[in-house]
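For reference, the structure discussed in these notes is given below.
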Amino acid sequence: MLRVLKFGGTSVGTLERIGNVASIIRKMRDNGDDLVVVVSAMSGETNKLIDYAKYYSDAPNDRELDMLLSSGERVTSALLSIALNELGYKTVSMSGREAGIYTTNDYTYARIEKIETANMEQAIKNGEIIIVAGFQGVSVDENRVTTLGRGGSDLTAVALAGALKADICEIYTDVDGIYTTDPRIEPKAKKMEKISYDEMLELASLGAKVLQNRSVEMAKKLNVNLVSRSSFTPDVEGTLITKEENIMEAPVVSGIALDKNQVRVGMYGVMNKPGIASLIFTALADANINVDMIVQTIGTDFKANLDFTVPVGDLIKTKNVMEKFQNDVEKIEYNEAIAKVSIVGVGMKSHTGVASKAFSALANENINIRIISTSEIKISMVIDEKYGELAVRTLHEAYELDK
Ligand code: ASP
Ligand code: MG
C-alpha cells in the first residue's frame, strides 16, 4: 500500500515532536507500507521568515520571498529524515523541485501545472521513505523556486497522492478529524467517520483550520481519499473525506457551520430600473468581492430592496463600490453584527422538510432569520450575531447530530 502522509506545523513544531512523527512513520513502515511524507515548516516559522523580510522592505520581491519561505519546509524535511535514519530507516528528503513539482510563475501563490514522478518512483523502488518539503515547487517558465500559498503543504500532499496514485492521503494536524460542528460551541459535537468532498467544501468554516480548501478541491478532482487525523493521538482513526458514492448511508444533515465574518449590506429603495441589479453585482465582481447571499424584494412602491452579504475583509472595498450607486438608492446600511449558520448534508437532495425543521427550531428559540439561501446540499441563514452559538446548538439538536 502506498500512503502519502502530511504533517502540519504543530505536528513538527519542536524537535521532540519531529521525533514523535518519526515514530508514527516507523510503525507504518514496519507494517510494510511505501511512504511519501510531506511536511510543513515548524509552526510559526513561515511567519517568522516573512517578518525577517519585512525588516528590510514593506514589499519584498515575490521571487525572493519564495526562496526564503520555501526554506522552512526544507529544514523540517531534512530533520525528519535524519531522525528516521537514526532509527535505522532508509530515507531521502526532497525539495519541491526534486519531487518534480512544476508550477506557474505566480510567485507566493503558484499553481501546480504538472508533477514528474520519476525521482520519487525510483526512491520508492530503492525502498526509501521519501520526505518532501511541502508548499513549494519550481516554475516551468523561469526555473525558480515558487510557493503555493499559505497552507500549501496540504496541496502538495494531495497533488503527490494523485500523481503517484497513492491508496490514501493522510493529513495529520492537532485535531483528530472533522466534527459535526465546532466542539467549542457544542461539546456534544461528534466526529464524523466519513464525509463527502462537497460537504467538506461547504463546511469550510469548520474545516478551514484543519484542511486547506484548495487541497479538498484538488482531492475531489483527482479522486484522492483524504483522511484528517491527529499526530498527537495516532491510534485514533480520523475522518475520511471521499466521494459521495463511497458513503453508503449519508445522514440527511452532516454538519452545522457558523461564520461570523460576514457583513450584511442592505440597499433600500433601489430605483426599479431594468439592469440595476446587474450593474451593482458586476461592479462588486469587478472589485473581486465575494458576494455570498443575495435577496431582492420589490415593495408596493415598486422600488426594490436588496440584501446581500460580503466577507468582513471586503467591507472597505464594498463601501467604495457602493458609493457609485449612492444616487440610485434611498438608503444603504451595513450590519456587521450578523452570523451565518449553515446546515450541510448530501442527504438533503433526497429528503423533504429539511429546511422547515431548521426554521421551526430557530423560531422556538425566538431567533429571527434575516436572509435564507439554499443550494442542493446547504441551507444558510443570516441571523443576529449574538444568537450564533445558540443557533448552532439548537440546530445540532434538531437534526440529532449528537446521536
Ligand atoms: N508553512 C506554510 C504556511 O505556514 C505552508 C503550510 O504550512 O502548509 O502557510
Ligand atoms: Mg496547515
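In listed order, ligands and their atoms are each counted from 1.
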Which atoms of ligand 1 have any heavy atom of E73 under 4.0 Å away? 1 (N), 2 (C), 5 (C), 6 (C), 7 (O)
Subset of ligand 1 atoms that lie under 4.0 Å from at least one heavy atom of S40: 6 (C), 7 (O), 8 (O)
Is the Lys NZ or Arg CZ of K319 less than 6.0 Å from the centre of Y334's six-membered ring, within 45° of the axis? yes
Measure E45 to ligand 1 on non-hydrogen atoms and call it side chain, backbone, both or neither using the 4.0 Å cut-off. neither
Does an N or O from [X], backbone or side chain, lie closer than 3.5 Å to an N or O of ligand 1?
| X | answer |
| --- | --- |
| R150 | yes |
| S153 | yes |
| G151 | yes |

Taking the side chain as everything from C-beta on, heavy atoms only, tell me whether I383 gets closer than 4.5 Å to I338. no
Could you walk me through whether F281 and F308 pass the ring-ring contact (aromatic ring centres under 6.0 Å, His included) test, one step at a time? CA-CA 10 Å; F281 292 107; F308 57 91; 5.2 Å; yes
Answer with yes or no whether G9 contacts ligand 1, where contact means a heavy atom under 4.0 Å from a ligand atom. no
Taking everything shown except F325 itself, do over 12 heavy atoms lie less than 6.0 Å from its CZ? yes
For K349, is the NZ atom crowded, meaning more than 12 foreign heavy atoms sit under 6.0 Å from it? yes
To the nearest 0.5 Å, how far apart are CD in E333 and CE in M267? 12.0 Å
